[in-house]
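Structure record follows, encoded as structure tokens.
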Number of protein chains: 2
Amino acid sequence: MTSVKRACGNCNLRELCLPYGLSNDELERLDELVTSRRKIKQGEFLYRAGSGFEAIYAIRSGFFKTDVLLEDGREQVTGFQMGGELLGLDGISTEFHTCNSVALEASEVCVIPFSRLETLSREIQTLQHHFHKVMSREIVRDHGVMMLLGTMRAEERLAAFLLNLSQRFTARGYSHADFYLRMTREEIGSYLGLKLETVSRAFSRFQEAGHIAVQQKHIRILNIAGLKALMSHQRV
Amino acid sequence: MTSVKRACGNCNLRELCLPYGLSNDELERLDELVTSRRKIKQGEFLYRAGSGFEAIYAIRSGFFKTDVLLEDGREQVTGFQMGGELLGLDGISTEFHTCNSVALEASEVCVIPFSRLETLSREIQTLQHHFHKVMSREIVRDHGVMMLLGTMRAEERLAAFLLNLSQRFTARGYSHADFYLRMTREEIGSYLGLKLETVSRAFSRFQEAGHIAVQQKHIRILNIAGLKALMSHQRV
DNA sequence: TATTAAGCTTGATCCAAGTCAACCTGTAAC
DNA sequence: GTTACAGGTTGACTTGGATCAAGCTTAATA
């Protein structure tokens, strides 16, 4: 846990994150609230299902997964999160977290005490509205995942997944076509409702088709249109 | 579109709905905002994907489904909603709706103009916090659906679905064990990522096992423990 | 009362993805 | 540099749920 002076004002992710749209004055007031950061090593939990909720977290650097577990041990990865995205929104409803959040690489998050965020967002309309948009965006994203899981075939799911990652890397100034996956095939599979072998085979088929080049976690997208076309292939 | 005086103060769903936890004074202020209702006939849209967002809706009576469609026509039902639940939260993020909302029986909703709700929730902390809880609850629910779609088998999905309906009917004062489905087998299947034939067969198997009695849309739950056991691969 | 159509059930068959198993690759530890 | 191991790939085979098809039920309408 480290403490910081200008958490948001100096952050290059601010346009993707909670401070979006705030004036300088408002940014300063948000900075008063975001005064501590947490570093999380690869494999460590940011929070666990069942643990008390008192803050949400903005990812300053790194990469996370969130998952839920059934009593019998089955895991469902519910999302992968990267810089500028918020973690912990699930905890608001019940006052405790309902999923696990695990760092997939060494990461750092800004701690945003939730009741103070509510207080501030009663005073700053822009902040309030943007926070509502972020929560709503999460609901819309979830609907997209349901569509993926409920109606798409294995290759469509994986193509959608790669295109989504690509788009989010682009938004953060990274290459849209050349990146390293932070998650294993098993984690991708869990997110997409597939087994790791199916994910691996789909990668291989994409490579054979010339859509991508895969070498373990290194992905290069060679034909983005090809991937997009895969997603509109109707079930036979 | 009808206009009303005491929308929330007189509503018997208020403890399940947005007004939860408000004082009488606060309830009156919310009533100033919730001044119109809309009746929707069976099969009609409350809103469509792409249409502008300016209000959320509280279900006063009736039953809805929400769905998203792919360009090729494939449908994913993202949820079924009943009295006291909020519709339209998906529209906040993009200023237009991203899914369709269709009445599955003659229904009535209260119209809650969203920007006025934001204004009021800057003034009433309880309202603000409860609204955040409702949005968060939707996110948590979505995670549950992902678990369903991603890791559960057909019978587990249907058992989870029935138990969820049962629990929500109970909360509204209806029988937990005897109810009529408002949706078709096809809509259940879309929600659960299954084909209608699979849903029908699973119902038949539940009936053979003595867990339920089905006659078309009429469901009686005979052995709730049996259904619960199905979800954890246990025997009863 | 007969007709129609939408929705539901059930049987037969098929196939996409799961399972099982063997082997490969990269990397961390010694 | 060797070893060990987690993660990834690929092949052979199995299976749960999809698909195709036929018939049944219920409710609306003529």
Side-chain angles (χ1 to χ4, degrees), chain A residues 41-43 65 74-77 102 104-106 148-162 180-209 212-220 230-231 233-236, chain B residues 41-43 65 74-77 102 104-106 148-162 180-209 212-220 230 233:
Chain A
K41 296 198 188 107
Q42 182 170 3
K65 72 167 177 181
R74 280 181 285 179
E75 177 196 28
Q76 175 68 35
V77 170
V102 182
L104 296 181
E105 63 181 25
L148 220 89
L149 292 170
T151 79
M152 289 184 163
R153 320 239 334 260
E155 294 195 3
E156 295 178 293
R157 296 183 202 187
L158 191 64
F161 171 74
L162 288 176
Y180 283 83
L181 299 173
R182 271 71 169 187
M183 67 295 280
T184 65
R185 302 289 189 265
E186 189 168 19
E187 286 162 336
I188 297 172
S190 170
Y191 180 62
L192 298 177
L194 303 169
K195 291 293 161 184
L196 68 94
E197 295 94 332
T198 306
V199 173
S200 181
R201 279 186 242 271
F203 271 133
S204 299
R205 258 174 282 135
F206 286 179
Q207 181 158 251
E208 279 161 38
I212 62 171
V214 206
Q215 199 181 19
Q216 306 280 112
K217 294 194 158 152
H218 182 199
I219 304 282
R220 276 177 301 136
L230 271 170
M231 288 181 55
H233 275 179
Q234 183 126 27
R235 204 172 269 233
V236 195
Chain B
K41 297 197 189 106
Q42 182 170 3
K65 72 166 176 181
R74 280 180 285 178
E75 178 196 29
Q76 175 68 36
V77 171
V102 182
L104 296 182
E105 63 182 23
L148 220 88
L149 292 170
T151 79
M152 288 183 163
R153 318 243 328 273
E155 294 195 3
E156 294 178 292
R157 296 183 202 187
L158 191 64
F161 171 74
L162 288 175
Y180 284 83
L181 299 173
R182 272 73 168 185
M183 68 295 278
T184 66
R185 301 290 189 263
E186 188 168 19
E187 286 163 335
I188 297 172
S190 170
Y191 181 61
L192 298 178
L194 303 169
K195 291 292 160 183
L196 70 94
E197 294 93 331
T198 306
V199 173
S200 180
R201 279 186 241 270
F203 272 133
S204 300
R205 258 174 281 134
F206 286 179
Q207 181 157 250
E208 279 162 39
I212 63 173
V214 205
Q215 198 181 19
Q216 306 280 110
K217 294 194 160 153
H218 183 198
I219 303 283
R220 277 176 301 136
L230 270 171
H233 273 218

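Keep in mind it's a predicted model, so treat the numbers as computed, not measured. Residue numbers start from 1 in every chain, and the chains themselves are labelled A, B, ... in the order their sequence lines are given, proteins ahead of strands.
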Using atom [atom1] of [X] as one end and atom [atom2] of [N] as the other, report the distance to the nearest whole Å.
X: B/E187; N: C/dC8; atom1: CD; atom2: C1'; answer: 14 Å
X: A/E186; N: D/dC5; atom1: CD; atom2: C1'; answer: 15 Å
X: A/L196; N: C/dC23; atom1: CG; atom2: C1'; answer: 15 Å
X: B/I212; N: C/dC8; atom1: CD1; atom2: P; answer: 13 Å
X: A/Y180; N: D/dG7; atom1: OH; atom2: C1'; answer: 16 Å
X: B/Q42; N: D/dA27; atom1: CD; atom2: C1'; answer: 12 Å
X: A/E155; N: C/dC15; atom1: CD; atom2: P; answer: 17 Å
X: A/E208; N: D/dT10; atom1: CD; atom2: P; answer: 8 Å

Quiz item: Using a cut-off of 4.0 Å on non-hydrogen atoms, how would the nucleic acid contact of B/L194 be classed: base, sugar-phosphate, or nothing?
Solution: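 Sugar-phosphate only.
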
Quiz item: For B/G193, which contact category applies under a 4.0 Å heavy-atom criterion: base, sugar-phosphate, or nothing?
Solution: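 Sugar-phosphate: the residue B/G193, judged by heavy atoms under 4.0 Å, touches backbone atoms but no base.
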
Proximal nucleotide (of [options]) relative to the [X] side chain:
X: A/R185; options: D/dG17, C/dT9, D/dG8; answer: D/dG8
X: A/K217; options: D/dG17, C/dA17, D/dG8; answer: D/dG8
X: A/T184; options: D/dG17, C/dG18, D/dG8; answer: D/dG8
X: B/K195; options: C/dA16, C/dC8, D/dT19; answer: D/dT19
X: A/Q216; options: C/dC8, C/dG26, D/dA18; answer: C/dG26
X: A/Q215; options: C/dG26, C/dG7, C/dG18; answer: C/dG26

Self-check item: B/L148 side chain near B/F161 side chain, heavy-atom distance below 4.5 Å
Solution: no

Exercise. Answer yes or no: side-chain N or O of A/R201 and base N or O of C/dG18 forming a donor-acceptor pair under 3.5 Å.
Key: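 Check fails, no donor-acceptor contact within cut-off.
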
Quiz item: Counting only distance, no hydrogens or angles, is the base of C/dC20 paired donor-acceptor with the side chain of A/E197 under 3.5 Å?
Solution: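 For A/E197, whose side chain was compared with the base of C/dC20, there is a donor-acceptor pair (under 3.5 Å).
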
Main-chain N/O of [Y] paired with [X] side-chain donor or acceptor, under 3.5 Å:
X: A/R185; Y: A/K195; result: no
X: A/R157; Y: A/L192; result: yes
X: B/S190; Y: B/E75; result: yes

Quiz item: Within less than 4.0 Å of OP1 or OP2 of D/dT9, is there a side-chain N or O belonging to A/S200?
Solution: yes

Practice problem: Check the surroundings of atom CD in A/E186: do more than 12 heavy atoms from other residues, nucleotides or ligands lie under 6.0 Å from it? | Solution: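 No, CD of A/E186 has 12 or fewer neighbouring heavy atoms, counting only those of other groups under 6.0 Å.
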
